[in-house]
Structures are given as C-alpha cells and as structure tokens.
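The structure appears right after this line, and notes come after that.
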Amino acid sequence: MNFFRRILTHFNGLKFRQEYLCLAKESFQSTLHVYMVNNNRILNDLTRSHQFIGYCPLILSIPASEIPDGLNNSPIELIFSEQLFQQNEVFEKKDAIALLKLKIINNQSAGKSNIILYEGVSGNYKLLSAFSKFIIGLDNNLYNKKPGNVFLHNNLYKQVQIAYSIPRIISLVSVKNGELYNLFPTDLHGPLNDQYYISSLRHEGKACQQVETARKIIISTVHCQSYKIVYGLGKNHMQDLKPSKNFPFGSRVSKNFQIPIPDTALSYHELEIEDSFIHGIHKIFLYKIIAEEVISSEPATLAHIHNACATWRHNKGLSGNYLLR
C-alpha cells in the first residue's frame, strides 16, 4: 500500500480492516429496519420481504403485494431506521439512518405472485461522518479503477454500502455438466415465495455461462465457520469446470439433480431456470424451486455486512459477532 493510501486509510473512520465482515446471521442482532415511505409516512416494512440482487446498478426485488396501489409503476423511497414503525406512522428525517431512491425496471411474474424489480437512483446515509465519507470516496476514485474490478462511482458505492447494512446471506452455487463441476459463492439471491427463487451473476463471467448451459443448479446455505473457504471460492466465477475433487464437496448429493452438496451446507434449494434477462453487468435469473432440504438446523448461517455499518454499530456500542479474515 502506498504512502498516500495509508494516510487515507488512517483517516477514513472505519473501525475494521476488511470491507465486508462475515458473521452468523441468526446470532447477529441487526438493529436496522427497511421501510418503504412516501411523504414522511411509513407505507410498509420491507426488512424481510425484499431481496438484494444487483450492485452495478443496485437492484432490489420487492413483492408487488407490498407496493400500495398507485405506486406500482412509480419511483419509490426506502429508509433504513433503528426505529420500529407501524404502517401509516409519520417519521422524522432524524429517524432515517439511510435513504435509497429507486426506479422500476421490470415487473416479473413468479407463479401466482408478481415481483417488481427496482434500480437504485441515489442514496445517502448517516452511518459515518461527512469527512469519513469524503475520504472513502476519494480512496474509491483513486484506487478502485483497475482492470478486472467493477468500479462503483461515488453515489453507487454509497447505495451498495446502504444495501449491505442489512446482513446478506452468502451461499454456494453448485453447477454440474457431465462429470465436471463448479462451486462459487453468491450473496445476490433469495427466495421470492415457496415456488420461485431469484439470483444474479455477472453476465460476462464463466459462472454465468455455466449456469445458463446447465439450467439446473443447487444453492446451499453454509456454516459461518467456512467463511475463509467460501471467500476463497470467489475466484471460481471466472474458472472453467473441473472434476469434483477440486471442490470442498461432501458425500451428499441433491435429491433430484444428484448435484454434489458442499460439505459445510446447512440447507439447499434445487433450482431450474425459468427466465432471465440482462441489466447492467448482471444477468438476473428467475428459477423454479424443484426441491429444498434442511441438512442441519444449527443457527450459524454465513452472512456479511459492510464495514460502514459495522463501524456505525461499534461507535454506538452495539456488539458484533464478526469473523475476521
């Protein structure tokens, strides 16, 4: 690290060295709630019902049933707040730790329900001081524009920091083609209902091409103690298929597809592609859920949050069960 970047790192106000901090989701006491708002009034609590599925641009999916009549085709606003609000309650600006403005990009049918996909337009937050945000933005502009890296311009980077203030589950995707396999992590995914699942991959990556070819995959939640292995598998997004011995598979295979399951898996979904489209750098996949199985009920699902949120929590004296790499 060069001298000037060391200075920026020293003054960025961040508590932790790593940008993303792993944790066990069930034992992490998350204090932020996500609300859809309009004219300073709470419309709905979306903390559990939205899915984060893209970062360039920011993409969130929200069930159409959560969108009030009249806003189905309109831009919306979300706030992230510590406060517990009821529907139609009025909030004050001081109650919003972060704000995201979103525009609609697609209305997707998912069985008997519809899902609306939104793209981030702008975002701002109070997780860090204005000076810290300036230093972090300067570091981002100077040092993150490099080959192979997806550069997030200043406001998009803020939007992503906001999205990761809610713990996002990191799962492993298993792909099989004949006797060759791949295994790679994703945190841009989630179930839409009991029949459909959504995820995205970089459309120019080899992992995306492998999923498109296979059409059938499994996605597994994994034990938090495998966090170093899972992060190490990130390179497989750009790797060719290989024999199974190259991956940390266990002895289990999935119920119908007979695809190997990671040895630290807690549960898995068997998924089959039903639809897909490209938006930004992402290919967004809609899958039909073929089967799902719980392997272990241990409350230790691997997830992570952004350093900005972890620092905010530290400054407020809130505990964190972080697993530092």
Checklist entry - Which side-chain hydrogen bond (donor to acceptor under 3.5 Å, both in side chains) pairs, counting each pair once, include a residue from residues 205-218, with sequence neighbours left out? => result Asn182-Gln210, Lys206-Asp240, Glu212-Lys283

Checklist entry - Taking all atoms of both residues into account, what is the closest heavy-atom pair of His282 and Ser200, and its distance? => result ND1-OG, 3.5 Å

Next on the checklist: Under 6.0 Å between ring centres: does that hold for Phe85 and His33?
Outcome noted: no

Checklist entry - Between Lys145 and Phe151, is NZ or CZ placed under 6.0 angstrom from the six-membered ring centre and within 45° of the ring axis? => result yes

Checklist entry - Pick from Tyr227, Tyr164, Tyr322: which one makes a ring-ring contact (aromatic ring centres under 6.0 Å, His included) with His304? => result Tyr164

Checklist entry - In terms of hydrophobic clusters joined by side-chain contacts under 4.5 Å, are Leu100 and Tyr125 together? => result yes

Item to check | Centroid separation Tyr20 to His306 less than 6.0 Å | outcome: yes

Checklist entry - Got a donor-acceptor contact below 3.5 angstrom from the Asn236 side chain to the Leu183 backbone? => result yes

Next on the checklist: Same cluster or not: Ile115 versus Ile53, using hydrophobic residues (I, L, V, M, F, W, Y) connected whenever any side-chain heavy atoms lie under 4.5 Å apart?
Outcome noted: yes

Item to check | Counterpart residues, side chain to side chain contact (heavy atoms under 4.5 Å, CB included), relative to Asn256 (two or more places apart) | outcome: Glu270, Ile290, Ala291

Checklist entry - Say you draw a straight line from OG1 of Thr264 to CG of Leu172; how long is it, rounded to the nearest 0.5 Å? => result 6.5 Å

Next on the checklist: Taking the basic N atoms (NZ, or NE/NH1/NH2) and the acidic carboxylate oxygens, is any pair closer than 4.0 Å for Glu82 and Lys316?
Outcome noted: yes

Checklist outcome for this item: When rounded to the nearest 0.5 Å, the distance separating OG of Ser254 from CD1 of Ile218 is 5.0 Å

Checklist entry - Parallel under 30°, tilted from 30 to 60°, perpendicular over 60°: which one fits the rings of Tyr197 and His269? => result tilted

